[in-house]
Each structure stands twice: as C-alpha cells, then as structure tokens.
Amino acid sequence: RPPRLQPTISLLPQTPRGDGRNRTQPPPLGFAAAVGGGKPAATAAMAGHGQDRKTIDLEDGWAFMQRGITKLINILEGKPEPQFSSEDYMMLYTTIYNMCTQKPPHDYSQQLYDKYREAFEEYIRATVLPSLKEKHDEFMLRELVQRWSNHKVMVRWLSRFFHYLDRYFITRRSLTALRDVGLICFRDLIFQEIKGKVKDAVIALIDQEREGEQIDRALLKNVLDIFVEIGLGNMDCYENDFEDFLLKDTTDYYSVKAQSWIVEDSCPDYMIKAEECLKREKERVGHYLHINSEPKLLEKVQNELLASYATQLLEKEHSGCFALLRDDKVEDLSRMYRLFSKITRGLEPISNMFKTHVTNEGTALVKQAEDSANNKKVQSLTSAITSFVHLFVVQFD
C-alpha cells in the first residue's frame, strides 16, 4: 500500500498567540515590508510599490508565481520543502498586486485570473487524477478524501496569493470568485470523472454494514461530505450522483429480505426484524448520510418491509393480527401499531381486524350469556316436571 499523504500541512512558521499556544497564520494581506538588503534586483522590482517601480512582464511575473505554486504543490505531495516564510508570502501577494495595477497594456489581471485556473487544471491532470485512477474501492475512497483535503488547502493558499484579483478585478467583472474557481476545477476534472466508481464503492460498504460487517463510518462520512461540498451551496451532486442510487439499492436490498422473511418468520419475528432495520437505517443517517436522506430512506424500508407485505403479514394464520388479539400479545400488538402507524393508511387493515375481533368476541359473549340463561330455564322446568311426576306417583300409589 502506498504511503498516505500528510493529513496536516503547515505552510507557514508557527507564530505565538497571546494565550501561549501556537497557530499557523499568514501575514496580513498587503502588509508593508522593506525590500532589498541583498535581494536580487528582479525580486525587489516585483515587490516595489513606488511610482518608479519597474514594469513586470507577464512571462517573468508568472515564472516567479509558478515557483511559489510548485513549492506549495511539493508540500502537498509530502516532498522535502521548507515552509513558506512570511517574506515568501508577501512577495507572492505583492507580485500579483503589481501585475494587476500596472498601466495598460501591462495590467495582467485577466491573464492572471486565467492562469490561476490553469494552475489547478495542470496539477489535477498531471498528479491528482492519475493517483485516483490507479486505486479501487476503499483505497480509492481514502485517496479521494486526502486529495480533497489537499485541494482545499491549495485553494485556500492560492486564493490568498491572488487575493487582489478577488478584491477588485473579479468584483468589477462579476466573475466567479477564486475559491469557487478552485473547487469547480476539482468538480469538473475529478468528481465528474470518478463519481460513478465512488458511488458504487460507498453503496457496497453500506450493504456490507447492513449484513453485519464492520466498516469505516468516518471514511464514508468524509466521502459523502465531498458530494455535499462540491455542490457549492446546493445538494444536486449529493442527490443526483449518490442519494438516488442509494435509495434504489435500498429498495432492492429490502425487497429481497422481505421475500425471504415473510415465508420463514412468524408475524412477531418479522416485525422485530423490520423495527431493527428501521432503527439501523436511522442510525446510518446519523453516522454518515446527510440528514435530508432520513425520511426518504425510511420510506423505502417501510414500503418494502411493511406496506408491500401488510396483508400477508397481518393475516398469518397462527401468528397474525387475529392470533395476537386472541392471545392478548400486548407487546407484539404495540410493535404492530408503532410500525404501521408510520405508513399511509397503514392502520386501516389493523383497525378492521380489531373491529372484527371485538364483534366476534362480543357476539360470542352474548351467545354464551343467552345459552346460560336458557340452560337455567330448562333446568328449572325439568326440576318442576320431576317434582310433579314424583308427587303424582306417590299419590297414585
């Protein structure tokens, strides 16, 4: 198994906090610093803010920025690379500032905006996508989670280097913000490419858990968070690229289970299994699915296990609703009510059976009382006749 990428990346040296703890923090954007003191002339020119600063050509300026981007990529890939110093950060930001504030035709704002996007595209195509395509199943999911984490770090830092574009050029032109540009690159070049394999791997793990196997729930949570985050504020990716397929798989899974259980199990045993399945699916939402999935998921389970087999289940000859009422199985009847009350019109057949049971029991009690009363009348008449006959015989004798 190849080594995993570093889970935590520190790009700047630790600076002390007032409470004695350390934190990683870039210097304030656009802060002033002295330039020179032995620095190369080209570097000093890039950082100059005065009116006599030298014009930076697009090629030279981008070459400088490219070195900073390469350094960032090396850190993300776990290669030996010193951290960004505060001065490194200042120089990269100031270079972008200068290249965006030069007089036309040397205002390179649009070109830098395009190159910002191209930097992500080149890294993704050359490194990230190949690393994902060579892995499968759970290994691919782990790689995806790490690559997504690294990508967000890259977006955060490049958007800081290019921050001047966000503040002025992008705002005036109503262009997509730098952060969103970076995330869209991941969505279009990686997510769209592997989303099918990712969805299949996740659902396979969910089915394994349904069969009682232990799985890495934290991994699934992290993967499914990508489906949500990649939507940039809407749930389309999660719902269309994952949830719809999960609901279809859930329907198929419990359809097979129900076909077997309805034949093998008594009504009480079947209901115990159904209640446990609903409980576990609800827990599943709490562990790694999005909360919006809960009502949809539970509806599929209820439909397959209960609604589709309600008649067969309730009318089981020796253990159905009539048998439970006859034998006063209060616990089983309570479970039946809990399960079927959550289904549209689910209590109607139970209500009808209860009415029939009460009617039959009441009718039987009435008949029993009538029979008892009639028996008493017959016994009284028989006694009277017997006494009369006995008296008649005595007198006759």
S.K.: Look at Asp225 together with Lys221 and state whether they make a salt bridge at an N to O cut-off of under 4.0 Å.
M.R.: yes
S.K.: Could you check whether Arg147 pairs with Glu143 (Lys NZ or Arg NE/NH1/NH2 to Asp/Glu carboxylate O, under 4.0 Å)?
M.R.: yes
S.K.: Using 30° and 60° as the class limits, which term best fits the ring planes of Phe227 and Phe242: parallel, tilted or perpendicular?
M.R.: tilted
S.K.: Measure centre to centre between the rings of Tyr93 and Phe161, then say whether the value is under 6.0 Å.
M.R.: no
S.K.: Can a salt bridge be assigned to the pair Asp166 and Arg179 using a cut-off of 4.0 Å between side-chain N and carboxylate O?
M.R.: no
S.K.: Report the distance from atom CZ of Arg172 to atom CG of Leu165, rounding to the nearest 0.5 Å.
M.R.: 10.0 Å
S.K.: What's the verdict on side-chain contact (heavy atoms from CB on, under 4.5 Å) for Ile230 and Trp148, showing C-alpha distance, side-chain angles and the deciding distance?
M.R.: CA-CA 10 Å; Ile230 210 72; Trp148 174 243; 3.5 Å; yes
S.K.: Applying side-chain hydrogen bond (donor to acceptor under 3.5 Å, both in side chains) to Ser85 and Asp88, what does each step give before you reach the verdict?
M.R.: CA-CA 5 Å; Ser85 67; Asp88 291 336; 3.1 Å; yes
S.K.: When you look at Tyr254 and Gln259, which way does the side-chain hydrogen bond (donor to acceptor under 3.5 Å, both in side chains) test go after all the steps?
M.R.: CA-CA 8 Å; Tyr254 284 108; Gln259 291 174 28; over 6 Å; no
S.K.: Any idea which heavy atoms bring Met99 and Leu112 closest together, and the distance?
M.R.: CB-CD1, 3.7 Å
S.K.: If the plane angle is over 60° it's perpendicular, under 30° parallel, otherwise tilted; pick one for Tyr309 and Tyr270.
M.R.: tilted
S.K.: What verdict does the side-chain hydrogen bond (donor to acceptor under 3.5 Å, both in side chains) test give for Asn352 and Glu348, after you've listed the backbone C-alpha separation in whole Å, the side-chain angles of each residue and the deciding distance to 0.1 Å?
M.R.: CA-CA 6 Å; Asn352 293 333; Glu348 285 188 8; 5.7 Å; no
S.K.: Please report the shortest heavy-atom distance between Leu306 and Ala274, naming the atom on each side.
M.R.: CD2-CB, 4.1 Å
S.K.: Mind listing the closest non-hydrogen atom pair of Cys277 and Leu305 along with its distance?
M.R.: CB-CD1, 4.0 Å
S.K.: Is there a side-chain hydrogen bond (donor to acceptor under 3.5 Å, both in side chains) between Glu299 and Asn303 once you walk through the steps?
M.R.: CA-CA 6 Å; Glu299 182 185 10; Asn303 184 66; over 6 Å; no
S.K.: Under a 3.5 Å cutoff, is there a donor and acceptor pairing between the side chains of Ser109 and Tyr164?
M.R.: no
S.K.: Go through Leu92 and Phe162 one step at a time and tell me if the side-chain contact (heavy atoms from CB on, under 4.5 Å) criterion holds.
M.R.: CA-CA 8 Å; Leu92 290 164; Phe162 287 74; over 6 Å; no
S.K.: Any chain of hydrophobic side-chain contacts (each under 4.5 Å) joining Ile272 to Phe340?
M.R.: no
S.K.: Following the transitive rule for hydrophobic clusters with a side-chain heavy-atom cut-off under 4.5 Å over Ile, Leu, Val, Met, Phe, Trp and Tyr, establish whether Leu246 and Ile291 coincide in one cluster.
M.R.: yes
S.K.: Classify the angle between the aromatic ring planes of Trp157 and Tyr89 as parallel (below 30°), tilted (30 to 60°) or perpendicular (above 60°).
M.R.: perpendicular
S.K.: Flag the pair Asp200 and Lys197 as a salt bridge only when some basic side-chain nitrogen lies within less than 4.0 angstrom of an acidic carboxylate oxygen.
M.R.: no
S.K.: Return the orientation label for the His151 and Phe120 ring planes: parallel under 30°, perpendicular over 60°, tilted otherwise.
M.R.: tilted
S.K.: Would you call Glu281-Arg284 a salt bridge at under 4.0 Å N-O?
M.R.: yes
S.K.: Can you tell which of Lys279, Lys273, Arg280 makes a side chain to side chain donor-acceptor pair (under 3.5 Å) with Glu276?
M.R.: Arg280
